[in-house]
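As structure tokens, the structure follows; a few thoughts come after it.
Atoms within each ligand, like the ligands themselves, are counted from 1 in listed order. In this chain, residues are counted from 1 in sequence order. All heavy atoms count here, side chains included; hydrogens, waters and symmetry mates do not. This structure is a prediction, so every number in the text was calculated from the model and none was measured.
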Amino acid sequence: MLILAIESSCDETAAAVVEGRKILSSVINTQIEEHKKYGGVVPEVASRRHCENIADVVEKALLDAGKTYNDINAIAVTFAPGLIGALLVGVNFAKGLALSLGVPLIPVHHLRSHIAANYIENEELKPPFMCLTVSGGNSIITDVEDYTSFRVIGGTRDDAAGECFDKAARAMGLAYPGGVNLDKIATVADTAKYPLPRPKVEGSEYDFSFSGLKTAVLNLLNNSSQKGEEIDVPVLAATLRQRVCDMLVENTFKALEQYGRKTLVLAGGVSANSELRARMKSECEKRGIKLYYPELKYCGDNAAMVGVQAFYEYESGNIATSSLNATATLPIDYRK
Ligand code: KG4
């Protein structure tokens, strides 16, 4: 079954042609350079660029795969969660295509597709497993019971991990996307020099809170600038990265133990973080847990992962009608 998948939930316009877990093509048009000027994604600009680029990106995905519209058996699209104006561009384009080709339209949840990025290179990976999904807009621990059956174990009460990295990085004077650049320049954490807090969420051992950490970094930078003191940015970056990873690692392993899973999967843009990968790897080795994380090119937003998840959504009967709408927020365990 050949699926043409479309992704436009944030600042990447992407299309891919996939067959099961096999990727025939994957095209990504990123708007990073444009949003860099503003220090973050400007939703209105993102929507307009998707509008301009989507037809060319889809054409290129078909061309790269050596296929034509007539070869396609289904259209898949990210419909939630994400920037509403950005999602609407992909959803409407996908609807038009599905209608004109007379093929099914498969709605795909963005976080489910991030998890599916792990299926691309790992043929043997199958649910059930525990998954930590960390991106610019979400941070959740999910027990993946089956390809389309999810149980949320914990999540952030405020900012996402990526958002905390991005906002703190911007205040440190690093270019967008801050999380990536913060990870690059971070050296060795020094919690005596920069005593950032260790946030805990009362009443839930699996939930996260990142906004206090972000505020602590902003206050520290403001105080230093008022006193004319210089900040050692690589050390501050490493200290923040360590604190964020402490929380992610600790809660994830609690969940793994509690639910008795022997496989851990990392997903989302922040799963590219070098410290997170290294610490998860060494903890998993110690505890005999099998660890998977996506190839770097599939960590960020792309349509290949959308197409792979779409195959399982289709098999479970998740087909959209022509009234499919985009949704800005939707839990991963939503029911149709
Ligand atoms: O999954 P993604 O591409 O988009 C969303 O769906 O949100 O994730 C983007 C997020 C951004 O916050 C970016 O700064 C962060 O992932 N990110 C990183 C790294 N690479 C990307 N954060 C920390 N370390 C990295 N190496």
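Per-residue contacts place G300 under 4.0 angstrom from the following atoms of ligand 1 (heavy atoms of the residue considered): 3 (O). Of all atoms in ligand 1, listed by their number and element, those nearer than 4.0 Å to a heavy atom of G162 are 12 (O). Close approach to G269 involves these atoms of ligand 1, each under 4.0 Å from a residue heavy atom: 1 (O), 2 (P), 8 (O), 16 (O), 17 (N), 18 (C), 19 (C), 20 (N), 21 (C). Close approach to D301 involves these atoms of ligand 1, each under 4.0 Å from a residue heavy atom: 1 (O), 2 (P), 3 (O), 4 (O), 5 (C), 6 (O). Using a 4.0 Å cut-off to heavy atoms of F165, the atoms of ligand 1 that qualify are 22 (N), 23 (C). For ligand 1, the atoms lying closer than 4.0 Å to a non-hydrogen atom of H114 are 1 (O), 6 (O).
Under the 6.0 Å distance and 45° angle rule, R277 counts as a cation-pi partner of Y293. Judged by a 6.0 Å distance limit and a 45° cone about the ring axis, K167 is not positioned over the six-membered ring of F165.
Among protein heavy atoms, the minimum distance from atom 15 (C) of ligand 1 is reached at V270 CG2, 3.8 Å. Summary of contacts: the protein heavy atom closest to atom 26 (N) of ligand 1 is D183 OD2, 2.9 Å. The protein atom (non-hydrogen) at minimum distance from atom 11 (C) of ligand 1 is D166 OD2, 3.4 Å. Scanning the protein heavy atoms around atom 9 (C) of ligand 1, the nearest turns out to be G136 N, 3.8 Å.
With hydrogens and angles disregarded, no donor-acceptor distance shorter than 3.5 Å links the side chain of S139 to the backbone of A160. With hydrogens and angles disregarded, no donor-acceptor distance shorter than 3.5 Å links the side chain of D301 to the backbone of E12. With hydrogens and angles disregarded, a donor-acceptor distance shorter than 3.5 Å links the side chain of D190 to the backbone of A192.
Heavy atoms of R241 found under 4.0 angstrom from ligand 1: none, in either backbone or side chain. At a heavy-atom cutoff of 4.0 Å, ligand 1 is contacted by no atom of E12, backbone or side chain.
Within 6.0 Å of atom CD in E123, 12 or fewer heavy atoms from other residues, nucleotides or ligands are found, so the atom counts as exposed in its surroundings.
Within the structure, salt bridge (Lys or Arg N to Asp or Glu O under 4.0 Å) contacts touching residues 15-44 (residues at least two apart or in different chains) are E33-K36, E34-R49, E44-R48.
Heavy-atom distances between G137 and ligand 1 reach below 4.0 Å in at least one pair.
Classification of the H109-Y334 ring pair by plane angle, with boundaries at 30° and 60°, yields parallel. In this structure, Y147 and Y312 have parallel ring planes: the angle between them is below the 30° cut-off, well short of the 60° mark.
One option in E7, H110, E163, M305 has a heavy atom closer to atom 6 (O) of ligand 1 than any other, and that option is H110.
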Inset, instruction - Would you check, one step at a time, whether the test salt bridge (charged side-chain N to carboxylate O under 4.0 Å, His left out) holds for R151 with D333? - result: CA-CA 6 Å; R151 185 206 298 225; D333 55 353; over 6 Å; no
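Any N or O atom pair closer than 3.5 Å counts here, and N273 shares at least one such pair with ligand 1.
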